[in-house]
Amino acid sequence: MHQIFQKKDFADIHFEQGEQLTFSYRFGMAVYEESFDSHRLNSVGWNGAGYTLNVLEDMPSRLPVGEHQDTPAFRLEADGRTLEFDWRFQNFSKEKTANGLHGILTLESTLCPLTVRVHTVLDGTGVMERYLELCNTGDTSIAIGGISLLSGAVEENTTSWDPFFDPHHADRLYSLGSFESAEWGCEGLFRWQDLPNAELTVSGKWQTERYRHPAFFLKNNLLGSLFYGQLAFTGGYDFRFCKNTDVNKKGRNCRLTWDLALSGPKPMLLLAAGEAYTTPSMHVGMLIGELDDAVNEMNRHLRRSVLKHTDVRGVKGLVESGMGPERTMDIAACKHFIDTAAAVGAEVFLIDAGWYAPAGLATTEWSKRQGDWQVSKDLYPNGIQEVRNYAHEKGLKFGMWMEPEAIGPLSRVAKEHPEWLATSFSFHETKKQLDLTIPEAAAWMEREIIRVIEENELDVFRLDHNNRVNFWYARSGDSCGILRHYDAVYGIYERLRKRFPDLVMENCASGGSRTDIAMLKDFTHTWVSDWNAAPRSVAITNGMTMCLPPEMVDRLISGMFCHTRGSLDLQVRHTLFGRPTTNDYNCVGSEMNPMQIQFVKHSFDLYKSFVRPMAGKDLIFHHTPEVYGTHPEGVCVLERAAEDQSRSMIGVFNLCMAGERAEVIYPRGIDAGANYRVTFDNSGATATVSGHSLCAQGLRIRLDGALQSELILLEKC
């Protein structure tokens, strides 16, 4: 853990003129450089120790562009042409921002009336943001096909690696870390895979399902460099990595290229005459270190520059409770649920889908009646204020669920405005997806959200989305509607955040189908999966806290089948490494189990007193990063620690087939020169141990079988 570097901020942009133009972006300890030569912007290398690549002018370390065929720093297709080699330099400027620097390179195409501004934003962390601004300077529209936000050469190992690796095992040079599945209920299942001597693509939301978070980690096993990135876009993407270890005249070296692209039906965008369009952005970093160095540096960047609303109402990580249409949602059920939530220490009561459906039909018709967002008089004859007031009396905030992009077939709005439904490839209407490229539809949706929030006096607003918005065309039929649709989505929630600055806004999308940072920038937190049964629930917590700060990551205890497997302690404790949400623990009319309620409340009290004071600046460590598969096996160890090393919480979770086992855990978030009070939550036993001993000898934890856990608290004495 290179903490000495993580506490320093640095941002610099150096523009060098000469035979070729060179742009050096320095952020944290990372350096990325590009050159403009022969009408092409080229990627010419990275450095993870802070050096510019021409630090020794007679021994430059930039990649030799002439020896690489695949060096363009970005890619565009316009009107069927690939624009890579035909740019004309116009100008370069840089300006100071609140956190760092913003560089703007302006290029003009010699093939069509298109100007591209290449934006690079540095905020002092080890992560840079890159996006493009496309400007049509002609008098007719331009069809934009492919868009690669960052591409080209990444690294070249010019010295022979034969002494280190058998040539027959060249695949071991690089490892790619990503989530193994794009399917529902399998979010966050992280694993490394060797990068072959070929192209390997990680994709999501277009040619695959939509539940893989758009993030990657790329590790150079020979030299220790680690590249990592996230795409701020809710639509399709393709991250392509190509490694070339073919024998050549130098012997056998390795060249690595990448292409970080948006994906979808072509054309992706119809750029009108005179129009300027800003693309989604890539957030990319590089360091010499380990996985959690990258995770925590990305978290620092996201907290500083992207996710700015996690402490709405002065609290990071309210403990929520919520009830949905899988059960009766009448007044009696709501009051029972609120009583249970208050008993375990929850701070929010939220009514999920179905509050607008007639009595007895919420379970079967909640989806079909979306769009008519009026509180059901059958379920709530005295209005929703009866439930809201009861929640407030018990000390809980009140919230409601909405899926405003959906209009069900039984809704009034679907009958009045069938033209608002999005159309697919074959120009058949989708089932119930609202087409937000239609201004009237987008305006109606925004008004409805505002009305629901204001009429029902919400403290908390939960957004859901259960449709697949990755295959339909704009109503004009001449381009894919995905980019325009999500521009409308982002705009709506940006305006809502400004209108309701104190509203807790939770994102949810059929579980984890919209967890990208573009979608989350105006939200307080997000649901990352609808799968909550152990042991995969633990794997999901493990993986999703690799790409989002833990205070953003909602995890559920009780309900949605998470109560069906494993010990109560495992079910509850892994949620503490995200943001815990609770359901109820017994049916209406039955008694609460005091032992069960007491343990849950004890765990939530620990969350409030131990975790929440450090939330938003804490570090997270994944001691066992690879936890994957339908039924993950072995053990998962997570650690959540204060930035100042004053406290740390470690969870040890036995998974499937664990059996009786002992683990030695070496805390990572502590000061080796201090003493710590160590508490073992299973027994309540405490001990004072030196940080040096903890780091050198570790903690030996013994668990008896599968789906059990231990929680260890370390506090500096």
Answer yes or no: is there an ion pair linking [X] with [Y], defined by an N-O contact shorter than 4.0 Å?
X    : Y    : result
R304 : D9   : yes
R497 : E494 : no
E199 : K243 : no

Ring centres of W192 and F190 under 6.0 Å apart?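 Centroid separation for W192 and F190: below 6.0 Å.
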
Do the non-hydrogen side-chain atoms of S24 and D12 ever get within less than 4.5 Å of each other?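 Sidechains of D12 and S24: no contact.
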
Of all the heavy-atom pairs spanning [X] and [Y], show the shortest one and how long it is.
X    : Y    : value
W206 : G236 : CB-CA, 4.0 Å
L231 : S281 : CD1-O, 3.5 Å
H623 : P667 : CE1-CA, 4.5 Å

Salt bridge (charged side-chain N to carboxylate O under 4.0 Å, His left out) between K316 and E551, intermediate numbers included: CA-CA 7 Å; K316 286 186 181 292; E551 68 272 15; 5.1 Å; no

Would Y32 and E34 count as a side chain to side chain contact (heavy atoms under 4.5 Å, CB included) if you check the C-alpha gap in whole Å, the side-chain angles of each, and the deciding distance to 0.1 Å? CA-CA 7 Å; Y32 170 60; E34 295 173 334; 2.7 Å; yes

Residues that K716 engages under salt bridge (charged side-chain N to carboxylate O under 4.0 Å, His left out), provided they are two or more places apart: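 In terms of salt bridge (charged side-chain N to carboxylate O under 4.0 Å, His left out), with neighbours along the sequence ignored, K716 is linked to D671.
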
Is it possible for you to check whether R191 lies under 6.0 Å from the centre of the six-membered ring of Y628, through NZ or CZ, and within 45° of that ring's axis?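 Relative to the ring axis of Y628, which defines the angle, R191 lies inside both limits.
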
Side chain to side chain contact (heavy atoms under 4.5 Å, CB included), that's the test. Do T106 and T115 meet it? Break it down for me. CA-CA 7 Å; T106 303; T115 296; 3.6 Å; yes

F92: what forms a ring pair (Phe, Tyr, Trp, His ring centres under 6.0 Å) with it, not counting sequence neighbours?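 F15, F23.
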
Please name all residues satisfying ring pair (Phe, Tyr, Trp, His ring centres under 6.0 Å) with H102, sequence neighbours left out, ordered by chain then number.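 Once residues adjacent in sequence are excluded, the partners of H102 under the ring pair (Phe, Tyr, Trp, His ring centres under 6.0 Å) criterion are H119.
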
Run Y25 and F27 through ring pair (Phe, Tyr, Trp, His ring centres under 6.0 Å) and show every step you take. CA-CA 7 Å; Y25 302 100; F27 42 104; 7.9 Å; no

